[in-house]
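Every number for a ligand or one of its atoms is a count from 1 in the order of the listing.
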Amino acid sequence: MKLQEKYQELRKKHAALLATNFYNFETLRGILQSASLNKNPVILQLTESSIDYMGLPVAVNMAKSAIQHYGVEAWLHLDHAGSYELVEKCLDAGFDSVMIDASERPLKDNIALTKKVVKLAGRYGVCVEAELGYIAKLDQSTDYTGFTEPEDAKSFVEETGVDALAIAIGTAHGFYKKKPELDIERLSRIHAVTNAALVLHGGSGVPHSTLTEAIRRGICKINIATEIKNIFMQTLRNRLMHESEIDLRKLFPFAIQAVTNLVSEKLKIINS
Ligand code: 13P
Ligand code: ZN
């Protein structure tokens with residue numbers, strides 16, 4: 001099933017998909033092992049830096065063959081693309097879904113670029129996500145808030161024709177210094193006036209009860225990246241501190257298993 005069709009199904013059911021970023025074969029395997037174990041669908045995300053790290057054809061082929069190997073329903077999604085050119089390359093490479101993130105540009109430029117991407121992706125039958133509002137990136141301040149206005153969201157979705165929309169309601173990328181407070185009422189108002197699938201970025205560290213409430217109020221996709229990187233590296237670090245093993249095939253499985261456990265925990269919450 002195409003992701004855009006899945007989103008419509010999820011919207012009706014007030015259900016959501018977990019979208020997790022992967023960085024190498026090991027994190028990819030950890031995520032897919034969990035999806036397979038739990039029999040849950042999942043979105044696999046790549047950012048431009050992960051694509052640069054692995055190489056576009058290697059990353060795409062690895063993801064697609066791993067999806068087949070683990071026998072799960074999964075989609076390959078481009079996360080936070082900043083340019084039309086990157087989107088085009090990824091569409092040619094076989095992505096199922098792309099995000100164009102022009103949220104830092106003036107509203108009319110965000111609309112214009114998103115519209116152009118929707119037109120292009122339409123030729124490939126691929127799903128498009130865009131972003132409206134200020135969701136702090138890893139290097140950005142969380143002091144400033146620029147929450148998404150329901151009226152803006154309504155006209156943005158109507159004008160651009162996007163399938164999914166990332167909204168700013170109180171989350172930020174990376175770990176939180178203090179517990180995130182989500183503007184749940186705003187989410188409900190946005191949900192009432194748009195028909196796009198609403199996306200929650202910055203899912204790492206959001207309390208599980210808040211994730212459940214966000215799904216109930218209309219979030220269809222929950223993005224988690226930082227927690228994946230963190231559990232993988234922490235597990236590896238702990239092993240390396242106490243062992244002199246140099247066979248990476250004996251040590252990586254511990255980190256892979258930790259990713260599998262983390263993803264299983266998230267899948268249980270999101271699919272309950
Ligand atoms: P976190 O890294 O905070 O989990 O955010 C993930 C994300 O939004 C990816 O686009
Ligand atoms: Zn994000």
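Looking at Thr226 against ligand 1, both its backbone and its side chain come within 4.0 Å, counting heavy atoms.
Near His173, with a cut-off below 4.0 Å to any heavy atom, the atoms of ligand 1 are 3 (O), 5 (O), 6 (C), 7 (C), 8 (O), 10 (O). Short contacts between ligand 1 and Ile224, defined as distances under 4.0 Å to a heavy atom of the residue, involve ligand atoms 4 (O). Listed by number with element, the atoms of ligand 1 under 4.0 angstrom from any heavy atom of Gly203 are 4 (O), 5 (O). Residue Ala225 has at least one heavy-atom neighbour below 4.0 Å for each of these atoms of ligand 1: 1 (P), 2 (O), 4 (O), 6 (C). Annotation for ligand 1: atoms under 4.0 Å from non-hydrogen atoms of His201 are 8 (O), 10 (O).
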Working for salt bridge (Lys or Arg N to Asp or Glu O under 4.0 Å), residues Glu243 and Lys250: CA-CA 11 Å; Glu243 298 187 39; Lys250 292 193 175 139; over 6 Å; no
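Rounding to the nearest 0.5 Å gives a distance of 6.0 Å between CG of Leu132 and CG of Asn110. Here Asn271 contributes atom CG and Asn38 contributes atom CG; the two are 8.0 Å apart, rounded to the nearest 0.5 Å.
Remark: ligand 1 and Gly202 share an N or O pair separated by less than 3.5 Å (distance only, no angle test).
Judged by a 6.0 Å distance limit and a 45° cone about the ring axis, Lys221 is not positioned over the six-membered ring of Tyr7.
Closest of all the heavy-atom pairs between Thr148 and Gly133 is OG1-CA, 3.9 Å.
Judged by the shortest distance from any of its heavy atoms, His80 lies inside the 4.0 Å radius around the atoms of ligand 1.
Note: the hydrophobic cluster containing Leu46 does not contain Val199 (ILVMFWY, side chain heavy atoms under 4.5 Å, direct or indirect links).
One side chain, Thr27 or Asn24, offers a donor N or O that lies under 3.5 Å from an acceptor on the other.
Of all protein heavy atoms, the one closest to atom 4 (O) of ligand 1 is Ser204 OG, 2.6 Å. Ranking the protein heavy atoms by distance from atom 3 (O) of ligand 1 puts Gly174 N, 2.9 Å first. Asp79 OD2, 3.1 Å is the protein heavy atom nearest to atom 9 (C) of ligand 1.
Checked by atom type and distance alone, the side chain of Trp75 pairs as donor or acceptor with a backbone atom of Met1 at under 3.5 Å.
Nearest N/O/S atom of His201 relative to the Zn ion (ligand 2): this is ND1.
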